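Bear in mind that the values here come from a model prediction, so they are computed numbers and not experimental data. So that the names make sense, note that chain A is the first sequence line, chain B the second, and so on, each numbered from 1. Excluded from the calculations below are hydrogen atoms, water molecules and symmetry mates; all remaining heavy atoms, backbone and side chain alike, are included.
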Amino acid sequence: QKEVEQNSGPLSVPEGAIASLNCTYSDRVSQSFFWYRQYSGKSPELIMSIYSNGDKEDGRFTAQLNKASQYVSLLIRDSQPSDSATYLCAVWSSGTYKYIFGTGTRLKVLA
Amino acid sequence: ETGVTQSPTHLIKTRGQQVTLRCSSQSGHNTVSWYQQALGQGPQFIFQYYREEENGRGNFPPRFSGLQFPNYSSELNVNALELDDSALYLCASSVDREEYGYTFGSGTRLTVV
């Protein structure tokens, strides 16, 4: 089992819809969870971090964390074509002292 | 821009050669990590430095080595280059606690021929 798993996609959504991106992780002692956006040919950019169970909202983005299910998700409301990118889930664990990325989900927002 | 600068942006090397990639982090960012990202893959953790000491390493052979300097700069050295080393190499830094997330540099695209 991979340490951090994401569906590679592509996930296609129409403009204005909600995009839902999911991530599961294997290390139960993981403490911090991040979503990065990476445009083609560019480096990852941090868009959300979440540390506690529940939802965290920032503008059009909502991160959701469920530690019991070892699951973290990112919702993008009112999706725009400019949101088309690869979204990387990352998990930091004090157990392994590593910061592990998933392979990313490619999102396409159709105009 | 991000405040994390990498050089060079692109590099072509021959199999068997050695390469040094450089990174300059933001002031106060005591933690720096290096990642390898192959096309279509997520970043793979190479190693991490905190206050000039390596304090974490991924599944990379010893020919991948690094240094961190007091002025918030760092290096990634790769010896005996192999064709599979062709990738985007990313430097990322953070304040003392990496749990707050990283700021990435724009990367160095290494091609080994």
Under 6.0 Å from the CG atom of B:Asn59, do we count more than 12 heavy atoms belonging to anything else shown? no

Should the heavy atoms of other residues, nucleotides or ligands under 6.0 Å from CG of B:Leu39 be counted, would the total exceed 12? no

Are there more than 12 heavy atoms of other residues, nucleotides or ligands under 6.0 Å from atom CG of B:Leu67? yes

Which heavy-atom pair separates B:Gly101 from A:Leu46 by the least distance, and what is that distance? CA-CD2, 4.2 Å

Any chance the rings of A:Tyr99 and B:Tyr102 have centres within less than 6.0 Å? yes

Which distance, rounded to the nearest 0.5 Å, do you find between the OG1 of A:Thr86 and the CD of B:Gln41? 11.0 Å

Nearest heavy atoms of A:Gly102 and B:Pro43, plus distance in Å: O-CD, 4.5 Å

Taking all atoms of both residues into account, what is the closest heavy-atom pair of B:Gly42 and A:Leu88, and its distance? CA-CD2, 4.1 Å

Nearest 0.5 angstrom please: A:Lys42 NZ to B:Phe104 CZ, how far? 15.5 Å

Tell me if the aromatic rings of A:Phe101 and B:Tyr35 count as close, with their centers under 6.0 Å from one another. yes

Around atom CZ of B:Arg15, are there more than 12 heavy atoms of other residues, nucleotides or ligands at under 6.0 Å? no

For the residue pair A:Ser43 and B:Ser106, what are the closest heavy atoms and their distance? OG-CA, 3.7 Å

Exceeds 12 heavy-atom contacts within 6.0 angstrom, atom NZ of A:Lys67: yes

Does a sphere of radius 6.0 Å around CD in B:Gln44 hold more than 12 heavy atoms from other residues, nucleotides or ligands, not counting ones at 6.0 Å or beyond? no

Relative to chain A, which segment of B:Gln37 carries a heavy atom at a distance below 4.5 Å: side chain, backbone, both, or neither? side chain

Heavy-atom contact with chain B under 4.5 Å, split by part of A:Gln38: side chain

Tell me whether B:Tyr89 is reachable from A:Tyr36 by hopping between hydrophobic residues (I, L, V, M, F, W, Y) whose side-chain heavy atoms are closer than 4.5 Å. no

